[in-house]
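Have a look at the structure below, then the notes.
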2 protein chains.
Amino acid sequence: MNLKLSTSEENYIKSIYHLQSVSDIVNTNSLAKELNTKAASVTDMLKKLKLKKLIQYERYYGFKLNDKGTQTALSIIRRHRLWEYFLVSKLGFDWDKVHIIAEELEHVSSMELIKKLDTYLGNPKIDPHGDPIPDVNGRLPVIKQINLFKLPLKKTGIVSSVSNQSPQMLEMLKHYGIRIGSQIKINKAFDFDRSLEIKLSKQPACIISEQVAKNIFVYHD
Amino acid sequence: MNLKLSTSEENYIKSIYHLQSVSDIVNTNSLAKELNTKAASVTDMLKKLKLKKLIQYERYYGFKLNDKGTQTALSIIRRHRLWEYFLVSKLGFDWDKVHIIAEELEHVSSMELIKKLDTYLGNPKIDPHGDPIPDVNGRLPVIKQINLFKLPLKKTGIVSSVSNQSPQMLEMLKHYGIRIGSQIKINKAFDFDRSLEIKLSKQPACIISEQVAKNIFVYHD
DNA sequence: AAATAAATTTAGACAAACCTAAAAATATTT
DNA sequence: AAATATTTTTAGGTTTGTCTAAATTTATTT
Ligand SMILES: [Mn+2]
Ligand SMILES: [Mn+2]
Ligand SMILES: [Mn+2]
Ligand SMILES: [Mn+2]
């Protein structure tokens with residue numbers, strides 16, 4: 001039995017992982033929808049993944065990743081997010097364009113490549129969408145992120161994620177020059193409309209509305 | 001019929017191109033050998049590539065790339081060599097390790113990715129093995145390279161290729177700090193043993209033997 | 001407790017890419 | 001010109017990953 005996983009097998013493993021982290025009920029249909037395929041194809045693949053000892057699976061009963069499967073998923077997610085980070089920070093892609101490309105790059109199998117890429121990028125801990133990047137051992141860094149409103153005045157935070165990723169929101173953030181990784185400080189909080197005057201490094205201060213601010217999360221030590 | 005080429009189809013196209021550039025006699029068997037596959041599989045693929053109008057093919061008679069096929073090949077080679085350049089110049093891989101990895105990366109299909117990668121790398125013209133990188137329009141840059149011995153004294157050349165790529169040779173070059181793309185100048189040529197005193201930017205001058213020098217090719221304007 | 005609905009699995013097929021073994025075409029000896 | 005050798009193609013299979021349609025199991029109504 002082949003040790004190396006195919007692109008398809010990897011995509012299934014990753015999708016199961018994601019569905020599991022969102023809800024406990026991971027079933028054949030939801031997985032089929034996630035992967036743009038049919039329930040019958042999912043069943044076929046579940047049998048194979050069970051044979052490869054990556055999932056627990058009893059027919060009609062349900063399925064979930066076992067330890068080996070979880071580790072595998074984390075390693076694929078690591079590759080995916082490192083590539084996303086590369087595409088944004090080095091090649092200058094907008095963060096809403098990188099997912100589809102990383103979906104292909106994540107399947108390039110060289111261990112050495114990912115090790116060197118990680119070093120080259122400076123061992124980043126969060127990807128351009130604010131999601132944590134698992135380390136070599138599959139451990140997810142704990143990112144103690146707080147809502148921008150909870151950041152004390154005049155204290156520097158680093159933008160770690162944005163909960164609304166609609167094109168409209170991304171357009172605004174781009175206009176303000178706010179990105180994942182940006183250093184941000186609150187100069188003043190206005191009670192009247194809960195707007196905030198913020199200061200980003202190398203940029204003049206500006207004011208953002210409550211609607212924008214409440215979707216921004218930062219971390220600080 | 002699917003417009004996008006599969007990884008396999010791309011590998012076949014690229015191999016045909018390479019065999020054609022080496023010898024006129026490109027036949028089923030040589031292609032099978034090049035691709036580590038069997039003659040029967042090659043015949044199957046030749047039919048498909050003909051259907052996709054990438055090759056001229058008459059059974060028992062022979063085959064070759066047509067214009068569309070040649071352009072396709074050059075575009076794959078462009079991706080391959082840009083990735084090789086990236087792996088060496090940015091990630092610090094040794095040049096003898098990058099081919100296998102680029103063999104996978106070349107199949108990632110985003111046009112935008114290659115455009116941005118090219119810009120990021122500074123539009124390089126030669127890959128780490130000294131091979132020319134086709135431009136966006138599939139044109140191969142003409143690299144007027146000369147043997148290091150032909151480089152006039154005190155004139156700067158750029159190392160463009162090395163004809164001996166044995167591990168022993170690569171080890172020596174690494175020790176001297178000589179790489180594809182290095183700026184190199186000849187300070188003095190010794191008649192006694194035909195050794196050369198050379199000067200690389202940011203390095204003290206050093207002397208290389210005739211055996212080493214004769215394998216080094218440079219280009220200069 | 002039936003009846004009905006929903007979810008899941010099986011049965012059977014298909015395309016892509018590969019294989020082995022045999023047949024057919026072409027090339028080279030004798 | 002035959003005989004032999006080489007090259008290439010076909011015939012028929014396999015594996016992977018997909019599909020539709022039908023069967024089976026489980027869940028929800030009535
Ligand atoms: Mn993927
Ligand atoms: Mn992401
Ligand atoms: Mn390849
Ligand atoms: Mn190369």
Side-chain angles (χ1 to χ4, degrees), chain A residues 1-16 19-20 22-65 69 72 76 103-104 106-107 109, chain B residues 1-16 19-20 22-65 69 72 76 103-104 106-107 109:
Chain A
M1 193 184 31
N2 203 343
L3 263 147
K4 188 184 176 325
L5 298 181
S6 70
T7 294
S8 244
E9 289 167 330
E10 289 193 338
N11 283 336
Y12 271 89
I13 289 289
K14 196 156 63 88
S15 286
I16 296 172
L19 289 178
Q20 277 184 4
V22 173
S23 67
D24 309 324
I25 344 126
V26 183
N27 48 23
T28 309
N29 274 337
S30 59
L31 188 49
K33 188 164 288 176
E34 174 89 3
L35 285 158
N36 284 311
T37 184
K38 295 293 138 69
S41 308
V42 170
T43 301
D44 285 347
M45 184 59 91
L46 290 175
K47 287 180 195 159
K48 188 147 48 118
L49 295 177
K50 186 190 181 177
L51 212 79
K52 293 202 174 189
K53 298 193 198 314
L54 292 161
I55 61 170
Q56 255 181 268
Y57 170 55
E58 251 15 278
R59 50 179 226 157
Y60 287 112
Y61 171 76
F63 56 89
K64 65 173 172 189
L65 294 177
T72 305
I76 304 162
E103 203 56 52
E104 289 187 57
E106 69 187 357
H107 303 293
S109 57
Chain B
M1 191 184 34
N2 203 343
L3 262 147
K4 187 184 176 321
L5 298 182
S6 70
T7 295
S8 244
E9 289 168 330
E10 289 193 338
N11 284 336
Y12 272 88
I13 289 289
K14 197 157 61 91
S15 286
I16 296 172
L19 289 178
Q20 277 183 5
V22 173
S23 67
D24 310 324
I25 345 127
V26 183
N27 48 22
T28 308
N29 275 337
S30 59
L31 188 48
K33 187 164 288 176
E34 173 89 2
L35 285 159
N36 284 311
T37 184
K38 297 292 138 68
S41 307
V42 169
T43 302
D44 286 348
M45 184 60 90
L46 290 176
K47 286 179 196 160
K48 190 150 42 122
L49 295 177
K50 186 189 181 178
L51 213 78
K52 292 201 174 191
K53 299 193 196 313
L54 294 160
I55 61 170
Q56 253 181 269
Y57 169 56
E58 255 11 280
R59 52 180 224 155
Y60 287 111
Y61 171 76
F63 56 89
K64 65 174 171 185
L65 294 176
T72 304
I76 305 161
E103 203 54 53
E104 290 187 56
E106 70 188 356
H107 304 291
S109 56

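Throughout, protein chains are lettered first and strands after them, A, B, ... in sequence-line order, and every chain is numbered starting at 1. In this text the structure is predicted, and so the values were computed from the model without any measurement.
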Checking side chain to side chain contact (heavy atoms under 4.5 Å, CB included) for the pair B:Ile16/B:Leu54: CA distance, chi angles, key distance, verdict?
CA-CA 11 Å; B:Ile16 296 172; B:Leu54 294 160; over 6 Å; no

Figure out the CG/C1' separation between A:Asp44 and C:dA13, and round it to whole Å.
12 Å

How close or far is atom P of D:dT16 from atom CG of A:Asn11, stated in whole angstroms?
17 Å

Can you find a heavy atom in the side chain of A:Val42 that is under 4.5 Å from one in the side chain of A:Tyr12?
yes

Could you note down all residue pairs passing salt bridge (charged side-chain N to carboxylate O under 4.0 Å, His left out) where residues 49-62 of chain B supplies at least one of them, sequence neighbours left out?
B:Glu9-B:Lys52, B:Lys50-B:Glu58

Looking for any heavy atom pair under 4.0 Å, which part of the strands does B:Asn27 touch: base, sugar-phosphate only, or nothing?
sugar-phosphate

Go through the structure and list residues passing side-chain hydrogen bond (donor to acceptor under 3.5 Å, both in side chains) with A:Gln56, not counting sequence neighbours.
none

For B:Leu46 and for A:Ser6, find the nucleotide of DNA chain D with the closest heavy atom, then tell me which residue's nucleotide is more 5'.
B:Leu46

Ignoring backbone atoms, establish whether B:Ser8 has a side-chain N or O less than 4.0 Å from OP1 or OP2 of C:dA16.
no

Across all chains, not counting sequence neighbours, the side-chain hydrogen bond (donor to acceptor under 3.5 Å, both in side chains) partners of B:Asn27 are B:Ser30

Grab the CE-P distance between B:Met45 and C:dC19 for me, whole Å please.
11 Å

Partner set under side-chain contact (heavy atoms from CB on, under 4.5 Å) for A:Lys47, not counting sequence neighbours
A:Thr43, A:Asp44, A:Tyr57

So, is B:Ser41 near the phosphate of C:dC19, with a side-chain N or O under 4.0 Å from OP1 or OP2?
yes

I need the residues from residues 29-40 of chain A with at least one non-hydrogen atom less than 4.0 Å from DNA chain D; give them sorted by number, or say none.
A:Thr37, A:Lys38, A:Ala40

Looking at every strand, decide which applies to B:Thr28 at a 4.0 Å heavy-atom threshold: base, sugar-phosphate, or nothing.
sugar-phosphate

Would you mind reading off the distance between B:Lys47 atom NZ and D:dT9 atom P, rounded to a whole angstrom?
8 Å

Assess the residue pair B:Glu103 and B:Asn11 against the criterion (side chain to side chain contact (heavy atoms under 4.5 Å, CB included)); give the C-alpha distance rounded to whole Å, side-chain angles, the decisive distance to 0.1 Å, and a yes or no.
CA-CA 9 Å; B:Glu103 203 54 53; B:Asn11 284 336; 3.3 Å; yes

List the residues meeting side-chain hydrogen bond (donor to acceptor under 3.5 Å, both in side chains) with B:Thr28, not counting sequence neighbours, and say none if there are none.
none

Rounded to whole Å, CD of A:Glu9 lies from P of D:dT16 at a distance of 8 Å

Residues of residues 49-63 of chain B with a heavy atom under 4.0 Å from any atom of DNA chain C, listed by number, are B:Tyr60

Applying side-chain hydrogen bond (donor to acceptor under 3.5 Å, both in side chains) to B:Glu104 and not counting sequence neighbours gives A:Ser109

